[in-house]
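Working notes, beginning with the structure itself.
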2 protein chains.
Amino acid sequence: MVQSSIKVLRNRGYRVTRPRRQVLEVLETAQRPLSPYDIQKLLWGKGKHLDHVTIYRVLDLFCTLNLAHKILSLGGFVRCALGKREGCHRFTVCRNCGAFQEFADKGLCAGESEITQDFGFHAEQHLAESLGLCSECSSPQGDSV
Amino acid sequence: MVQSSIKVLRNRGYRVTRPRRQVLEVLETAQRPLSPYDIQKLLWGKGKHLDHVTIYRVLDLFCTLNLAHKILSLGGFVRCALGKREGCHRFTVCRNCGAFQEFADKGLCAGESEITQDFGFHAEQHLAESLGLCSECSSPQGDSV
DNA sequence: TTGTTAATGCAATAATGTTGCATTTATAAT
DNA sequence: ATTATAAATGCAACATTATTGCATTAACAA
Ligand SMILES: [Mn+2]
Ligand SMILES: [Mn+2]
Ligand SMILES: [Zn+2]
Ligand SMILES: [Zn+2]
């Protein structure tokens, strides 16, 4: 993964710098999603010293080049809504205009619970976010999943 | 909603204070999930002045009492993982020990896309988080969904 | 009305994230 | 190998989000 990522950097005209190598290596080694500050701490532990700004910029580049991707659902800044916590919170979020819409669906919950039960997980709540384009921003060339 | 929430506060022995009333009212009026600082700004706009610490504590209490709930998927602190961004990122997250596990499922994606298409949304990516108990932490009394 | 103490406000601090600019360094050119 | 170029980094400053401790205030019971 690290070597192929380095090739992508070169082929696309980006420089192969020490910070970029180091971030690639720590992500490869960790085998789990890391925050910018996670990465910084792991590098500090190995005696390396990267500024957090650099890490943010390196990660942004990696995401742009599809060498890495962000996972929005872990931890995170919180919003509150009135009402009891229901088992199902699903959102569509438009990547163009930011519009979002909440919905719920028993069928999806049932399907998810069935799958996660297979590896012993007991689901109590489902959060889901569909990223894409709302009806107003829709364009024909987006990748549908 | 505000009146019934106030009753819950009283019945459970919590005081009905001005900050608690104000946060309830602004959440009720907004009809959308609000962050603590969203709430503070909305109240400032009406000439009210609540400390952000108070708002955090009020919201925590509301969540504990099931008068409100947090929505983790909006905005949020970001983690990165190596590898191209695939269309499907699903996690189980144990609310007891924090363990998480990623998985993907084409069937779930198809079901979600079908539903959101009905209101004109063009999905490109699916993020999902199942909150509950992992196999090791499983207990018989959790609410399954 | 008064007393009790839960709740708030404030100060301080931590954690996360962004911007501008001077300096360094990866790479191309010589 | 040396030099020139500009991309990338490091640093400082600042903005936003979040937590903790404690003095003061105010809800509500007596
Ligand atoms: Mn909801
Ligand atoms: Mn992934
Ligand atoms: Zn849109
Ligand atoms: Zn667990």
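Lettering follows sequence order; numbering is per chain, from 1.
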* Asked: Taking the six-membered ring for Trp, are Phe119(B) and Phe103(A) parallel (under 30°), tilted (30 to 60°) or perpendicular (over 60°)?
  ->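 If you compare the ring of Phe119(B) with that of Phe103(A), the planes turn out perpendicular.
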
Where the side chain of [X] is defined as all heavy atoms beyond and including C-beta, which of [options] is the nearest nucleotide?
X: Arg15(B); options: dC28(D), dA26(C), dG9(C); result: dC28(D)
X: Arg10(A); options: dT27(C), dG9(C), dA7(C); result: dT27(C)
X: Val53(A); options: dT17(D), dT9(D), dT19(C); result: dT19(C)
X: Lys41(B); options: dT17(D), dT8(C), dG21(D); result: dT17(D)
X: Pro19(A); options: dA13(D), dG10(D), dG9(C); result: dG10(D)
X: Arg20(B); options: dA12(C), dT8(C), dA8(D); result: dT8(C)
X: Arg57(B); options: dC22(D), dG20(C), dA8(D); result: dC22(D)

* What nucleic acid atoms does Arg21(B) come within less than 4.0 Å of, heavy atoms only: base, sugar-phosphate, or nothing? ->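 Nothing: the residue Arg21(B), judged by heavy atoms under 4.0 Å, touches no strand.
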
* What does Val16(B) touch in the nucleic acid at a heavy-atom separation under 4.0 angstrom: a base, only the sugar-phosphate, or nothing? -> sugar-phosphate

Can you measure [X] atom [atom1] to [N] atom [atom2] for me and round it to whole angstrom units?
X: Ile55(B); N: dT19(D); atom1: CD1; atom2: P; value: 14 Å
X: Tyr56(B); N: dT8(C); atom1: OH; atom2: P; value: 16 Å
X: Tyr37(A); N: dA14(C); atom1: OH; atom2: P; value: 14 Å
X: Asp51(B); N: dT25(D); atom1: CG; atom2: C1'; value: 14 Å
X: Gln22(A); N: dT25(C); atom1: CD; atom2: C1'; value: 14 Å
X: His52(B); N: dC10(C); atom1: NE2; atom2: C1'; value: 10 Å
X: Arg12(A); N: dA8(D); atom1: CZ; atom2: P; value: 13 Å
X: Leu34(B); N: dT17(D); atom1: CG; atom2: P; value: 13 Å

* Counting just side-chain N and O atoms, does Thr17(B) come under 4.0 Å of either OP1 or OP2 of dA27(D)? ->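 So the side chain of Thr17(B) is outside the cut-off, no N or O lying under 4.0 Å from OP1 or OP2 of dA27(D).
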
* Asked: Is a side-chain donor-acceptor pair under 3.5 Å present for Asp38(B) with Ser35(B)?
  -> yes

* Asked: Can you tell me if Arg10(B) uses its side chain to pair, donor with acceptor, with the backbone of Val16(B) under 3.5 Å?
  -> no

* Quick one: does Gln40(A)'s side chain have a donor or acceptor within less than 3.5 Å of a partner on Asp51(A)'s backbone? -> no

* Kindly indicate whether the side chain of His49(B) and the base of dT8(C) share any N or O donor-acceptor pair separated by less than 3.5 Å? =>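 Absent.
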
* Trace of the side chain to side chain contact (heavy atoms under 4.5 Å, CB included) decision for Glu112(A) with Arg90(B) -> CA-CA 10 Å; Glu112(A) 276 175 45; Arg90(B) 302 179 185 279; 4.1 Å; yes

